[in-house]
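Each remark here refers to the structure printed beneath this line.
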Amino acid sequence: MAADTALPDAAFRSFAEGAGLMIWRADAQARVIYVNPAWMAFRGRAAEDELGHGWKDGLHPDDRATHEAAVAAAYATREPHSGEYRLRRHDGAFRWVHGHAYPLHEGEDFTGFAGSCFDITERKEAEEQAARALAEQEALLAEIYHRVRNNLQVTVSLIGLYGRAAASACRPAFDALGQRVRAIALVQQHLHEAPQIASVDLADYLTRLAEGLSQLRRTGRIAVTVEAGRSVLLEPRTVNALGMILAEIVAECLDSTGEGTACVTRVEVPAGEPDEPVRVRITSGGVAGEPAAGVPRLGPRLIAAYAGQAEIAVSGTGTPDAPLDLTLPARS
């Protein structure tokens, strides 16, 4: 489509000659017909050396094919286009530049493109440094997670060995401790597997954790359902505490019911406005029962401790008559 982008040569040159940006103009055959003083100063070459396709001598070999394909596509569509590529500076150093070009017309006739470039090397280097830092951080997190997982696996094995060697009256307590450590491992696993560790999707995390917790005992023994009425992103500290609380509710139900009883736990995230606090309600039918002899009831104290670590407000016990209501802190 023809546009009022054509500039009289005198006006174009008057603007380009005094501009600090590198400015160029190309004809309808993609041959450069003008470069301004800023371009020549950057390249350290005379204008006649840059005209036509001479300027391409400065294109980085690794960027040439991509750049030429982008230019060909722009000429085919005659639409504005942008690109980033490396261009050799007067001192021989390759610098990243961002180029943007507009199509030119004289009446209905397409006459080529005019464009500008500016040096973005510092930005690209900062992006590359950030990418390296992120990769190093992810590698460190992965290493920490694997060490924690391995240590938890060893701990579970040791608890099992000591439990089998202990007096029969003490074995239920060892079993309860072992299943809690396995639940903690699941909480860490699903937090580690979150697509974005800095901002964890609450509904996705709870759904994955619920599926994992259902595997703690025989099929059908544990059932955790999640109903999320809103989508929110939370900090890992908050999500970790919430996962630990849910795992403790499930473990407490296992402590208080026989093997033939299903531990059904319901997790609800009520709908709310974006600026309203996130609330989570957890209800379990088995937490009101009495644990086996020798198994201490630590659930309320553990839940209060987990909640305190993440500044989560807690009320209720988790029974159908008094659901465990959690109000999560606002994101900092």
Side-chain angles (χ1 to χ4, degrees), residues 144-192 206 208-225 237 239-267 282-310 312 314-324 326:
I144 292 173
Y145 163 70
H146 288 301
R147 291 188 182 186
V148 170
R149 184 189 63 180
N150 292 339
N151 289 341
L152 288 173
Q153 289 175 342
V154 171
T155 302
V156 169
S157 297
L158 287 173
I159 292 170
L161 289 172
Y162 275 92
R164 287 190 291 273
S168 58
C170 299
R171 289 173 188 169
F174 279 100
D175 289 342
L177 178 58
Q179 70 191 11
R180 277 171 171 77
V181 176
R182 287 194 293 273
I184 291 171
L186 281 171
V187 170
Q188 302 309 311
Q189 173 188 336
H190 291 292
L191 183 59
H192 172 73
L206 287 175
R208 290 186 291 106
L209 179 58
E211 183 178 351
L213 289 171
S214 68
Q215 308 301 316
L216 275 176
R217 300 296 276 267
R218 63 171 178 78
T219 303
R221 178 76 165 96
I222 301 170
V224 182
T225 62
R237 180 184 69 153
V239 177
N240 179 71
L242 186 57
M244 298 291 280
I245 290 170
L246 177 57
E248 179 55 32
I249 288 288
V250 170
E252 193 175 24
C253 182
L254 292 174
D255 291 345
S256 305
T257 58
E259 281 295 324
T261 303
C263 282
V264 179
T265 301
R266 183 182 182 188
V267 184
I282 303 176
T283 309
S284 178
V287 295
E290 290 298 322
V295 178
R297 181 181 288 281
L298 301 178
R301 279 191 287 170
L302 289 173
I303 290 170
Y306 296 144
Q309 291 172 2
I312 298 174
V314 182
S315 65
T317 60
T319 65
D321 294 333
L324 184 67
L326 310 170

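Both backbone and side-chain heavy atoms feed into the values below; hydrogens, waters and symmetry mates do not.
The heavy-atom pair separating A310 from A241 by the smallest distance is CB-CB, 3.5 Å. Summarising the geometry of V314 relative to A307, their closest heavy-atom pair is CG2-CB, 3.2 Å, with the distance given to 0.1 Å. Across V156 and G178, no two heavy atoms sit closer than the pair CG2-O, 4.3 Å. Shown here for G212 and H190, the closest heavy-atom pair between the two residues is CA-NE2, 3.9 Å.
With a 4.5 Å cut-off on side-chain heavy atoms, L242 and L246 do not count as touching. Side-chain contact between L324 and I245 is present, with heavy atoms from C-beta onward closer than 4.5 Å. Using a 4.5 Å heavy-atom cutoff, the side chains of I222 and Q215 are not in contact.
Here CD1 of I184 is found 8.5 Å from CD of E248. Values are rounded to the nearest 0.5 Å. From L254, atom CG reaches atom CG of L216 across 7.0 Å, with rounding to the nearest 0.5 Å. Taken to the nearest 0.5 Å, the CD atom of Q188 stands 10.0 Å off from the CG atom of L209. Taken to the nearest 0.5 Å, the CG atom of L186 stands 11.5 Å off from the CZ atom of R208. I303 contributes atom CD1, which lies 12.5 Å from atom CZ of R301 (distance to the nearest 0.5 angstrom).
For I159, the side chain to side chain contact (heavy atoms under 4.5 Å, CB included) criterion is met by T155, F174, L177, V181, not counting sequence neighbours. The salt bridge (charged side-chain N to carboxylate O under 4.0 Å, His left out) search around R297 returns E252, not counting sequence neighbours. Legend: residues meeting side chain to side chain contact (heavy atoms under 4.5 Å, CB included) with T257, ordered by chain and number and at least two apart, are R221, C253, T261, C263. Residues passing the ring-ring contact (aromatic ring centres under 6.0 Å, His included) test with H192, sequence neighbours excluded: Y145. By the salt bridge (charged side-chain N to carboxylate O under 4.0 Å, His left out) test, R147 pairs with E143, sequence neighbours left out. Under the side chain to side chain contact (heavy atoms under 4.5 Å, CB included) criterion, P296 pairs with L298, not counting sequence neighbours. Applying the side chain to side chain donor-acceptor pair (under 3.5 Å) test to D175 and every residue at least two apart in sequence or in another chain returns nothing. By the side chain to side chain donor-acceptor pair (under 3.5 Å) test, Q179 pairs with R217, D255, sequence neighbours left out. Looking at residues two or more places apart in sequence or on another chain, you find a side chain to side chain contact (heavy atoms under 4.5 Å, CB included) between Q153 and R149, N150.
Of the residues listed (I249, L213, T225), the one engaging T265 in a side-chain contact (heavy atoms from CB on, under 4.5 Å) is I249, and it is the only one.
Among residue pairs with one or both ends in residues 162-174, none qualify as side-chain hydrogen bond (donor to acceptor under 3.5 Å, both in side chains); sequence neighbours excluded.
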